[in-house]
Amino acid sequence: MAMIEFNLNVLKSYTLNKYIQAERKNRYIGSKMKKQATNYCQLVVQQAMVNGVRFEWPCMLELRWYVPDKRTDSDNWAFMKKFILDGMQKANVRGKAFLPNDSLNYVTGYYESFEIDKERPRVEIRAVKLNM
């Protein structure tokens with residue numbers, strides 16, 4: 001099954017609480033954070049595309065969060081889904097976008113789980129095709 005993996009050591013600076021704090025300081029700081037996180041996610045998805053990863057849309061997304069510890073609430077981690085989906089939309093290889101749009105026409109829902117992995121924090125994303 002095709003999977004995309006994002007390094008949470010890179011993304012840990014973009015949790016919801018940190019993003020809100022940046023927005024309250026100055027909207028330009030928050031904007032810069034969003035751009036940086038989205039650009040990182042775009043690069044990861046583009047590399048996955050080069051490696052042959054494709055998701056068949058529409059589908060549900062399964063996100064397996066392997067967080068470094070229990071200090072950050074799961075909703076703070078899950079907020080990064082915004083940056084990941086925006087990166088998926090920006091990712092483009094040879095004129096082909098990975099995700100045309102993150103509307104309900106393409107992303108029909110999410111399955112999320114959280115586990116602890118101190119050695120290799122990450123989020124793994126897989127497409128889950130619905131049987132109709």
Side-chain angles (χ1 to χ4, degrees):
M1 179 186 281
M3 177 196 57
I4 301 175
E5 182 178 307
F6 298 88
N7 185 334
L8 287 185
N9 285 327
V10 174
L11 288 174
K12 68 183 175 187
S13 302
Y14 306 103
T15 60
L16 178 58
N17 287 343
K18 291 177 183 177
Y19 183 75
I20 289 171
Q21 191 176 45
E23 281 286 339
R24 286 181 178 162
K25 280 184 184 177
N26 183 310
R27 67 180 180 189
Y28 298 108
I29 296 171
S31 176
K32 183 178 178 183
M33 281 180 72
K34 181 187 181 311
K35 186 175 185 177
Q36 289 172 334
T38 300
N39 287 342
Y40 165 73
C41 293
Q42 175 187 1
L43 292 174
V44 170
V45 174
Q46 283 178 177
Q47 184 59 57
M49 290 175 75
V50 168
N51 294 341
V53 174
R54 301 282 183 272
F55 287 0
E56 206 174 303
W57 308 104
C59 67
M60 294 189 78
L61 296 178
E62 176 186 10
L63 293 93
R64 292 185 184 175
W65 299 87
Y66 297 90
V67 298
D69 52 50
K70 293 183 179 180
R71 286 183 271 174
T72 304
D73 295 337
S74 58
D75 61 330
N76 276 303
W77 288 111
F79 166 75
M80 287 188 276
K81 199 168 24 194
K82 169 70 176 156
F83 305 134
I84 291 169
L85 289 171
D86 288 351
M88 286 179 169
Q89 287 180 89
K90 284 182 70 175
N92 190 308
V93 172
R94 293 182 213 99
K96 178 101 171 117
F98 183 81
L99 171 60
N101 191 300
D102 62 358
S103 71
L104 287 172
N105 292 327
Y106 295 93
V107 181
T108 59
Y110 308 96
Y111 295 114
E112 294 187 82
S113 64
F114 293 84
E115 296 179 39
I116 305 297
D117 187 341
K118 294 177 183 180
E119 305 303 316
R120 200 165 67 90
R122 65 198 180 281
V123 59
E124 298 174 352
I125 301 180
R126 293 171 180 80
V128 178
K129 198 69 179 160
L130 300 177
N131 295 328
M132 298 207 182

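This is a predicted model, so every value here is computed, not measured.
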Close side-chain approach of F79 and T15, heavy atoms under 4.5 Å: no
Distance, nearest 0.5 Å, that separates CE of M80 from NZ of K12: 11.0 Å
For the student: nearest non-hydrogen atoms of T72 and D69, plus distance: N-OD1, 4.0 Å
Considering all heavy atoms, the nearest D73-D75 contact: CB-OD1, 3.0 Å
Distance (rounded to the nearest 0.5 Å) between Q36 CD and L11 CG: 11.5 Å
Residue pairs, two or more places apart or on separate chains, that pass salt bridge (charged side-chain N to carboxylate O under 4.0 Å, His left out) and touch residues 85-95: K34-D86, K82-D86
K25 and E23: CA distance, side-chain angles, deciding distance, salt bridge (Lys or Arg N to Asp or Glu O under 4.0 Å) verdict: CA-CA 5 Å; K25 280 184 184 177; E23 281 286 339; over 6 Å; no
Test item: R24 side-chain N/O and A22 main-chain N/O as donor-acceptor pair under 3.5 Å: no
Side chain proximity check, F55 to I125, heavy atoms < 4.5 angstrom: yes
CA sep, side-chain torsions, deciding dist, call: W65, E112, side chain to side chain donor-acceptor pair (under 3.5 Å): CA-CA 7 Å; W65 299 87; E112 294 187 82; 2.9 Å; yes
Side-chain heavy atoms of E5 within contact of R120, under 4.5 Å: yes
Candidate pair N51 and Q47, rule side chain to side chain donor-acceptor pair (under 3.5 Å), full reasoning: CA-CA 6 Å; N51 294 341; Q47 184 59 57; 3.1 Å; yes
Pair V107-L104, side-chain contact (heavy atoms from CB on, under 4.5 Å): steps then yes or no: CA-CA 5 Å; V107 181; L104 287 172; over 6 Å; no
Straight-line distance of Q46 CD to M88 CE, nearest 0.5 Å: 12.5 Å
Single-linkage hydrophobic cluster, 4.5 Å side-chain cutoff, V50 and V45 together: yes
Common cluster, L43/L85, ILVMFWY with side-chain heavy-atom separation under 4.5 Å: no
Heavy-atom closest pair, residues I116 and P68: CG2-O, 3.8 Å
Single-linkage hydrophobic cluster W77~Y111, side-chain heavy atoms < 4.5 angstrom: no
Expected output: side-chain D117 to main-chain Y66 donor-acceptor under 3.5 Å: no
Hydrophobic cluster identity match, M3 and V93, side-chain contacts under 4.5 Å: no
Ion pair check, R54 and E56, cut-off under 4.0 Å: no
Short side-chain to backbone donor-acceptor contact, T38 and G87, under 3.5 Å: no
Value rounded to 0.5 Å, distance of CD1 in I4 from SG in C41: 10.0 Å
Pairwise side-chain contact, F83 with F6, heavy-atom cut-off 4.5 Å (strictly under): no
Heavy-atom closest contact (V123 atom, I84 atom, distance): CG1-CD1, 3.9 Å
CE on M49 to NZ on K96, rounded to 0.5 Å: 7.5 Å
Side chain K129, main chain P58, donor-acceptor under 3.5 Å: yes
Straight-line distance of N92 CG to Q89 CD, nearest 0.5 Å: 12.0 Å
Taking every non-hydrogen atom, the tightest pair across A2 and R126: O-CG, 3.6 Å
Sub-6.0 Å ring centroid separation between Y14 and Y19: no
Hydrophobic cluster identity match, V128 and V53, side-chain contacts under 4.5 Å: no
Minimum-distance pair of heavy atoms, taken over all atoms of Y106 and P100: CE2-CG, 3.6 Å
